[in-house]
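First the structure, in the form of structure tokens, and then the observations on it.
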There are 2 protein chains.
Amino acid sequence: MPSQTAATVERAADILVRFAEAGTDTLGVTELAESLGMSKAAVHRVLASFRSRGLVVLDEESRRYSLGLTAMRLGLAYLDRIDVRRLATPELPALSRLTGETATLSIRTGDTRVYIDQATPEREVIMSVSLGVPYPLHAGGSSKAFLAFLSEEEITRYLSRSLETMTPATVTDPGRLRTDLTLIRRRGYAMSIAERQSGAASVAAPILDHHGRPAAVISVCGPADRFMAEADACAAALLQTTDRLSAELGHH
Amino acid sequence: MPSQTAATVERAADILVRFAEAGTDTLGVTELAESLGMSKAAVHRVLASFRSRGLVVLDEESRRYSLGLTAMRLGLAYLDRIDVRRLATPELPALSRLTGETATLSIRTGDTRVYIDQATPEREVIMSVSLGVPYPLHAGGSSKAFLAFLSEEEITRYLSRSLETMTPATVTDPGRLRTDLTLIRRRGYAMSIAERQSGAASVAAPILDHHGRPAAVISVCGPADRFMAEADACAAALLQTTDRLSAELGHH
DNA sequence: GAACAGCATTCCTACTATTGGAACACAAGG
DNA sequence: CCTTGTGTTCCAATAGTAGGAATGCTGTTC
């Protein structure tokens, strides 16, 4: 969609993105050049430039590169400007302790949604989510908690697209999804068993702003086999938290 | 220091950095161009390129730019790969040389804490700690440096348990411990004389992560009889180190 | 211990892609 | 309705990048 772009800058951005995607901490010049189809010389120049700005750092011994302090500052700057985060983050540990399961916070990013924080309980078998990864709005508790509280037009538009299947339990039929969403609105929270992630289950409820729109979603989630027995208690604790936060955003 | 750089990429990086520095969430093209001495056209091209990679997003209404999801993922990727040990271990020899005493690194393991590394000075009478042995959180400098910076709930929970006596100097009274912890938080470091180990004394301070939680503790310790004369100087050197490391973990 | 392999880094010229002034479009405010 | 401030596009000049090849370095193999 962006119109006037600069190829050099896009390639440089690709290098940066590769650091975020790669599971490994460090990347070498050759490795980057091959995976991006660039020449080693070009990759090296870009890395040297990023290095001068602290975006990446060079380990002098291994001659390999990793992300730098500036990269971290970018991430924290992004999170700082999300004010619902400041409001909700302190609630997650309390919710996790109360329920004995993982509590998460998500925000919407267009037609997707990402976890931006989580608090995990202190026990052996726990569930942990991936922060920063976009997920579709129709699969899983947190996603459906967003979708259910969007406007009728937005829901219709979203459901008219092709809906990705993430697990065998993902619902992709628009009719069945609409029934789900109606129930979610009536109960005030969404429940999901293995819709986004096999073996996982969750309850999720939105924090509504003064327009009644979902500013964020909190979920309580855990391993599916034991979670079902706790689901009702989790939902009660969850709603108590989200109702209070919604009120703080001016929702009544 | 970097040798072969690419001017275009450096300018692009400067734009990115500006988003992290600026207190405001959004920036406009003109604003960026003027503050960086670039032409509006160049800034616009760079932003368009970053936009295609999700590093920045454009608010269609206000025509202003802010950081995007990819920026957050960079920050989280940086934080993920930070292994406190790798960060702090190289600092221990320097701290030991500077103070003439032993420098140690501890991490928490639930309701206990273990030394995972140490650096000893080159002199005849030195103190040496046992790596890998769990110690309780209420006795000794390193332990109390952890305890003091946990959440109020965690402290209360810990103090409600029965507290082991390790030496005649160990404090086990919850009231006196709370007074200790308050002082530690105010000074930024903990001091202990023979609380965990007879004949030993130490100062200890936490490395705090971006949540303000203690990721690790560094201590400087030595034989009690001579250590007291050096304690203030050791604390100063210690805090200089831990403050810098906390910043690298995103604490501010 | 010498030859080798694999890596990062530098060099240098052809040439492609960026540059930036100016023109344009659009919105808000006087 | 004109003005002033945006962000965006256009285009020719040229400055800066690209990339193949050479170099230097490190660690490994025989």
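All values below were derived from every heavy atom in this structure, side-chain atoms included, with hydrogens, water molecules and symmetry-related copies excluded. Note on naming: letters A, B, ... go to the chains in the order of the sequence lines (proteins, then strands), and numbering restarts at 1 for each one.
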Separation of dG5(D) P from Arg64(B) CZ (nearest whole Å): 16 Å

Verify, without hydrogens or angle tests, whether Thr99(B) (side chain) and Glu101(B) (backbone) share a donor-acceptor contact under 3.5 angstrom. yes

Summarise how protein sits on nucleotides 24-30 of chain C as a single string, 5' to 3': B when a protein heavy atom is under 4.0 Å from the base, S for sugar-phosphate-only contact, - for no contact. -------

Any donor and acceptor pair, going by atom type alone, linking the side chain of Ser96(B) with main-chain N or O of Leu92(B) inside 3.5 Å? no

Please report, rounded to the nearest Å, how far the C1' atom of dC7(C) is from the CD atom of Glu31(A). 11 Å

So, is Thr30(A) close to the dA8(C) phosphate, meaning a side-chain N or O under 4.0 Å from OP1 or OP2? yes

Once base and sugar-phosphate atoms are separated, protein heavy atoms under 4.0 Å mark nucleotides 16-25 of chain D, 5' to 3', with B, S and - as SSBBB-----

Between Thr165(A) and Thr172(A): side-chain donor-acceptor atoms closer than 3.5 Å: no

Rounding to an integer number of Å, can you tell me how far Leu36(B) CG sits from dT19(C) C1'? 16 Å

Going through the distances and angles, do Thr70(A) and Arg53(A) end up as a side chain to side chain donor-acceptor pair (under 3.5 Å)? CA-CA 7 Å; Thr70(A) 304; Arg53(A) 300 302 188 265; over 6 Å; no

Under the 3.5 angstrom rule, does the side chain of Ser202(A) hit a backbone N or O of Cys221(A) as a donor-acceptor pair? no

How many Å lie between OH on Tyr65(B) and P on dT6(D), as a whole number? 15 Å

Between dT6(D), dT8(D), dT9(C), which one does the side chain of His44(A) approach most closely? dT9(C)

Side chains of Arg18(B) and Ser35(B) only: does a donor on one sit below 3.5 Å from an acceptor on the other? yes

According to salt bridge (Lys or Arg N to Asp or Glu O under 4.0 Å), does anything in residues 237-252 of chain B pair up with another residue at least two apart or in another chain? List the pairs. Glu91(B)-Arg244(B)

Among residues two or more places apart or on two chains, list those pairs meeting salt bridge (Lys or Arg N to Asp or Glu O under 4.0 Å) that have a residue in residues 152-161 of chain A. Arg108(A)-Glu154(A), Asp111(A)-Arg157(A), Asp111(A)-Arg161(A), Glu152(A)-Arg178(A), Glu154(A)-Arg213(A)

Tyr135(A) vs Tyr115(A) aromatic rings, parallel, tilted or perpendicular, using cut-offs 30° and 60°? perpendicular

Tell me what Leu58(A) touches on the nucleic acid: a base, only sugar-phosphate, or nothing, going by heavy atoms under 4.0 Å. sugar-phosphate

Between CG of Leu47(A) and C1' of dC7(C) the distance, given in whole Å, is 14 Å

Is a donor from one side chain sitting under 3.5 angstrom from an acceptor on the other, for Ser52(A) and Ser49(A)? no

What is the distance, rounded to the nearest whole Å, between atom CZ of Phe50(B) and atom C1' of dG7(D)? 18 Å

With salt bridge (Lys or Arg N to Asp or Glu O under 4.0 Å) as the rule and sequence neighbours excluded, what pairs involving residues 62-78 of chain B come up? Glu31(B)-Arg64(B), Glu60(B)-Arg63(B)

Rounding to a whole Å, what distance do you find between Leu32(A):CG and dT9(C):C1'? 15 Å

Could you give the CZ-to-P distance, from Arg63(A) to dG27(D), as a whole number of Å? 12 Å

How sharply is the helix from dG1(C)-dC30(D) to dA28(C)-dT3(D) bent, taking the axes over five pairs at either end and rounding to 10 degrees? 40°

